[in-house]
Engineer: 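Handing you a structure now.
Each chain gets a letter, A, B and so on, in the order the sequences are listed, and its residues count up from 1. None of these values were measured; they are calculated from a predicted model.
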Amino acid sequence: MLTLDQLAQIINAELSGDPQAVVHRAQAFEQAEAGDVTFAETVAYRARVNQSAATAIIVGSRIENATCNLLIAANPKLAFARAVQALHATAYEPTGVSRDLIVGEGVTLGLDLSIHSRVTIGRNSVIGHRVTLHPGVVIGDDCRIGDDTVIHANVAIYSRCEIGQRVIIHAGTVIGADGFGFVPDEAGRQVKLLQLGRVRIEDDCEIGAGCAIDRGGFGDTVLRRGVKLDNLIQVGHNCDIGEDTVVAALTGFSGGTKVGRGCVIAGQVGTNQHITIGDRVTVTGQAGVTKNTRAGAVVAGTPAQDYNAWRRAQVLYSKLPELADRVKQLEKIIRDAGLNADAATGDVE
Amino acid sequence: MLTLDQLAQIINAELSGDPQAVVHRAQAFEQAEAGDVTFAETVAYRARVNQSAATAIIVGSRIENATCNLLIAANPKLAFARAVQALHATAYEPTGVSRDLIVGEGVTLGLDLSIHSRVTIGRNSVIGHRVTLHPGVVIGDDCRIGDDTVIHANVAIYSRCEIGQRVIIHAGTVIGADGFGFVPDEAGRQVKLLQLGRVRIEDDCEIGAGCAIDRGGFGDTVLRRGVKLDNLIQVGHNCDIGEDTVVAALTGFSGGTKVGRGCVIAGQVGTNQHITIGDRVTVTGQAGVTKNTRAGAVVAGTPAQDYNAWRRAQVLYSKLPELADRVKQLEKIIRDAGLNADAATGDVE
Amino acid sequence: MLTLDQLAQIINAELSGDPQAVVHRAQAFEQAEAGDVTFAETVAYRARVNQSAATAIIVGSRIENATCNLLIAANPKLAFARAVQALHATAYEPTGVSRDLIVGEGVTLGLDLSIHSRVTIGRNSVIGHRVTLHPGVVIGDDCRIGDDTVIHANVAIYSRCEIGQRVIIHAGTVIGADGFGFVPDEAGRQVKLLQLGRVRIEDDCEIGAGCAIDRGGFGDTVLRRGVKLDNLIQVGHNCDIGEDTVVAALTGFSGGTKVGRGCVIAGQVGTNQHITIGDRVTVTGQAGVTKNTRAGAVVAGTPAQDYNAWRRAQVLYSKLPELADRVKQLEKIIRDAGLNADAATGDVE
């Protein structure tokens, strides 16, 4: 529970309204009630702020004639995210180490842990302080799990992987399985290229449910500080994903893909092996990135090209029947004018 | 084991043949033997009914000169599905509650359960009657699991999720992980939008293996009565999937997608955030649905468009080289006729 | 640790250099140091062999003026894969059977096993010799697991599945869940087609993390000898994947897809139901294969077509705005020449 005065300070917003009004919950605009702080994300919501029952509404700029309490922030969505945290984040309380924990020799356990039942940890692994391991987590030998990291149910981490601090790994994800490396022999049988590298996940990453992050062939697969992966994402061996990059669900990075910092990769994107995607690149949904992509680019399509060029071609693509008709019409005119008896007359429909 | 007389009644078919003949198994057409009931799905199979050793064949209409036992049903595939159930569905028999069950405080367990070994249930969760939980299932706090529901091995259900009656959840699926919500701060670091909602899965849903159904940001992610999901499907936060809709593998619904009733969504489909897909919409494989889609539409492609328009454009697309040649030819004719010295002469190949 | 003399024999290469030099590690070209054997895969690396500190470099042919030890092999990548195995493969050492193993009645266990903690095996299943089962593995009733097979953490195998010898299944994969078969009834409710078949995985297959291989409806889903699947792959009911075929991540095979031997299927590929893909077919990333595909074909796009045709159309697609401009220009010329007042004048932009 916070007064608007307190909340404005926490989220770095200017308050227009009653500093002593109290909020105890964050809520979406449509559902917000008295006692809630909410967020008018769109113009449509801004037009309706006076109809909201919310005690306070976060907005990006002043609203004429507003009769409700407004919290005006330069980046209102960010301010709202911070308001949600201020009101709803719960302080960490260790639940202790379950008596049924199975650990190999040489394991080091930190302080103030929350290790739930049915967890298995291999030899010589090091678990930091205040780590939470949910039921069914399996950690291999020689792993390191950083302080304040949370690993959800049934996650499997193979041997020799390193997970940083404040990392969140959602349920069912697999870290460190073998990369996909085979070479056909003389008889066409696939010979396995042993995968000797590791996975290194830096601080403040979050990895969704059901992802697969393969270990490197030689050297490491790396998710750098602050990478956020959605669910069901494939990260091939020796990928290197840059700081603060966000990746939506069902995207697959082929082996050796290097992705820059601050990229936004939409869902179901694929990448070719061994390409480099620069910093702050945006890739739209279902794109297939086949080659190196310069920093700041916005790309779409398969093979991916500049977004605007893709958009123009896409519009024309949907009008191809019309274009074909026009070409046919031109051919008819030319023929009728007797300009060339040899003109192509093929009908593309 | 059923007589054809009995089976005809169960599947609501008309029998042409021996009412006392007995079938004890359902089987695919090619493999069917004496004692089997099978199903002639295609014209090709209908032409071969007299060559089948099956004791009875389900068909959609009478077949002239058929010498075998026919079960004639208005919807033969549906009749066959019911025949398979009549012959092969096994009555539920509770196996009891494993002695190694780990439950939190305040858990309520129903009657006649089949809770296998290595199951973990959090605090205050309620498990209905005749529920089957396979090994490795992890259920969080404050969940509700409806009567007659079956949850397969290593499924993880986060806290506060609600699962209806007669639901089937296949192995490795994750229900209720955090939705993918982040906002970059002033320094470009991603700030987590806490995900405070839940997942609600209504009665008679079936969810394939390795799916990820995220909890809502605020409010719930909902699968309505009778939704059927294939494997490896992503359902983002606050999606709402309508009754009886079927979704094939590797499809991903972005956050806030609303899908109507009775839709057929093929594999590897993606959707944009916050769009609404109407009732009875068909989306073909790998389509990317970027905007609201009216009820009954059939759409294809990325961005998705009307299927027939897409099909026409697709045919022309594959003939683009020919179209380009024809334009080039027209340009040559125009030039040769001296009509315009300024005409474009670029060669698109 | 091997002398180059020994290594040359093992990998079937010709040595140009010091037969008594010793290597103890394989390493990627860029990271290779003294004591390492590495592999110059590209022309660029071949040009730099004299700058490498590696003790030996595997190449495909002689290099003029090379001052380092070269191992010359007809297929250098294959030779390197074998060198990695010779130096890094560890002999199998059984760790025994965990005391907490839960087994149903009638289970048969082979010799020299490595069954880790928290494993569950159903009734009447047969586990071969030297099998490794990692924590959290759940095997149903009536399964067979062949000799020397390794099953990683939290894999779930449903009842009646057969896994061959020397198979590797990575963590989180699900084998034998129900295929996706439903028929709408008179009221539009989906009726389940019971899935009565099995999954059969032959010798020497490797299956990545988080895959889902469904059981057959009737009959079996089959991965034939030596199939290699990457992560997060969907194999629908009654698929039959041919020997030595490799499949990259996030690909989905619809029910009944038949894939030939020695195919290379890239990532995020989808296939239509009941199609047949011939031997040695290559499918490029994100392609949607909608129909039967002849042996040896290389296909791309959705719907998939011959790769070269797709590539030509793709280039023209990206130049559609230019082509539309040229048609517009032609129309203008025709109009200006007074050839036809009725010519189409629509602007496709």
Engineer: I'd like to verify something: which residue of B:N75, B:L229, B:T302 has the highest number of heavy-atom pairs under 4.5 Å with chain C?
Structural biologist: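 The answer is B:L229.
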
Engineer: Out of B:T284, B:V247, B:I168, return the one with the most heavy atom pairs under 4.5 angstrom to chain C.
Structural biologist: B:V247

Engineer: Inspect the surroundings of CZ in B:R166 and state if more than 12 heavy atoms from other residues, nucleotides or ligands are less than 6.0 Å away.
Structural biologist: yes

Engineer: Is it true that B:F80 and C:F218 have ring centroids separated by less than 6.0 Å?
Structural biologist: yes

Engineer: Report which part of C:V137 has an atom under 4.5 Å of a heavy atom belonging to chain B: side chain, backbone, both, or neither.
Structural biologist: neither

Engineer: Between B:R280, B:E206, B:E30, B:E243, which shows the greatest number of heavy-atom pairs under 4.5 Å with chain C?
Structural biologist: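 Ranked by heavy-atom pairs under 4.5 Å with chain C, first place is B:E206.
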
Engineer: Does any heavy atom of chain B fall under 4.5 Å from the side chain of C:L232, the backbone, both, or neither of them?
Structural biologist: both

Engineer: Is it true that B:S114 and B:Y92 share a donor-acceptor pair across their side chains at a distance under 3.5 Å?
Structural biologist: yes

Engineer: With a 4.5 angstrom heavy-atom cut-off, is it the side chain or the backbone of C:Q314 that approaches chain B, or both, or neither?
Structural biologist: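 Backbone plus side chain of C:Q314, per the 4.5 Å heavy-atom cut-off to chain B.
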
Engineer: Output yes when a side-chain donor or acceptor of C:N231 lies under 3.5 Å from a complementary backbone atom of C:A209, and no otherwise.
Structural biologist: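 At least one qualifying donor-acceptor pair exists.
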
Engineer: Measuring heavy-atom distances to chain B, does C:N272 have an atom under 4.5 Å in its side chain, in its backbone, in both, or in neither?
Structural biologist: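 For C:N272, no heavy atom lies under 4.5 Å from chain B.
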
Engineer: Does atom CG of B:N12 have more than 12 heavy-atom neighbours from other groups under 6.0 Å away?
Structural biologist: no

Engineer: Using non-hydrogen atoms and a 4.5 Å limit, figure out which bit of C:D100 sits close to chain B: side chain, backbone, both or neither.
Structural biologist: both

Engineer: Checking B:T38 against B:Q27: is there a side-chain donor and acceptor pair closer than 3.5 Å?
Structural biologist: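 Side-chain D/A pair, B:Q27 to B:T38: absent.
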
Engineer: Answer with side chain, backbone, both or neither: which region of B:A26 has an atom nearer than 4.5 Å to a non-hydrogen atom of chain C?
Structural biologist: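 Both parts, backbone and side chain.
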
Engineer: Measure up the C:F182 and C:F180 rings against each other and bin them: parallel (under 30°), tilted (30 to 60°), perpendicular (over 60°).
Structural biologist: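 Perpendicular: the ring planes of C:F182 and C:F180 meet at over 60°.
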
Engineer: What part of C:V235 gets within 4.5 angstrom of chain B, counting heavy atoms only: side chain, backbone, both, or neither?
Structural biologist: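 Neither part.
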
Engineer: Can you tell which of C:L196, C:T290, C:T251, C:I233 has the highest number of heavy-atom pairs within less than 4.5 Å of chain B?
Structural biologist: C:L196

Engineer: Please classify the contact of C:P184 with chain B as side chain, backbone, both or neither, using a heavy-atom distance under 4.5 Å.
Structural biologist: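 For C:P184, the contact with chain B is made by the backbone alone.
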
Engineer: Decide, yes or no, whether a salt bridge links B:R225 with B:D203 under the criterion of side-chain N to carboxylate O below 4.0 Å.
Structural biologist: no

Engineer: Using non-hydrogen atoms and a 4.5 Å limit, figure out which bit of C:I157 sits close to chain B: side chain, backbone, both or neither.
Structural biologist: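 Neither part.
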
Engineer: What pair of heavy atoms forms the shortest contact from C:G285 to C:A266, and how long is it?
Structural biologist: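 Smallest interatomic distance, heavy atoms only, reads N-CB, 3.3 Å.
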
Engineer: Can you tell me which portion of B:A74 sits under 4.5 Å from chain C's heavy atoms? Options are side chain, backbone, both or neither.
Structural biologist: neither

Engineer: Heavy-atom cut-off 4.5 Å, strictly under: side chain, backbone, both or neither for B:Q268 against chain C?
Structural biologist: side chain

Engineer: Under 4.5 Å from any heavy atom of chain B, what part of C:Q234 do you find: side chain, backbone, both or neither?
Structural biologist: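 For C:Q234, heavy atoms of backbone and side chain both lie under 4.5 Å from chain B.
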
Engineer: With a 4.5 angstrom heavy-atom cut-off, which part of C:T173 approaches chain B: side chain, backbone, both or neither?
Structural biologist: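 Contact with chain B involves no heavy atom of C:T173 at all.
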
Engineer: So, are B:R82 and C:E186 salt-bridged, with charged N and O less than 4.0 Å apart?
Structural biologist: yes

Engineer: May I ask you to decide whether C:K192 forms a salt bridge with C:D178, counting only side-chain N to carboxylate O separations under 4.0 Å?
Structural biologist: yes

Engineer: If you tally heavy-atom pairs under 4.5 Å against chain B, which of C:L193, C:V327, C:L194 wins?
Structural biologist: C:L194

Engineer: Nearest 0.5 angstrom please: C:I275 CD1 to C:I277 CD1, how far?
Structural biologist: 4.5 Å

Engineer: May I have the step-by-step check of salt bridge (Lys or Arg N to Asp or Glu O under 4.0 Å) for C:R189 and B:D244, ending in yes or no?
Structural biologist: CA-CA 6 Å; C:R189 298 201 172 199; B:D244 300 314; 5.2 Å; no

Engineer: Heavy-atom pairs under 4.5 Å with chain B are the metric here; pick the option from C:G179, C:G188, C:G197, C:C211 that has the most.
Structural biologist: C:G188

Engineer: Checking C:A177 against chain B: side chain, backbone, both or neither under 4.5 Å from a heavy atom?
Structural biologist: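 When you check distances to chain B, atoms from both the backbone and side chain of C:A177 fall under 4.5 Å.
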
Engineer: Counting only heavy atoms closer than 4.5 Å, note whether B:R311 contacts chain C via side chain, backbone, both or neither.
Structural biologist: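 When you check distances to chain C, only side chain atoms of B:R311 fall under 4.5 Å.
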
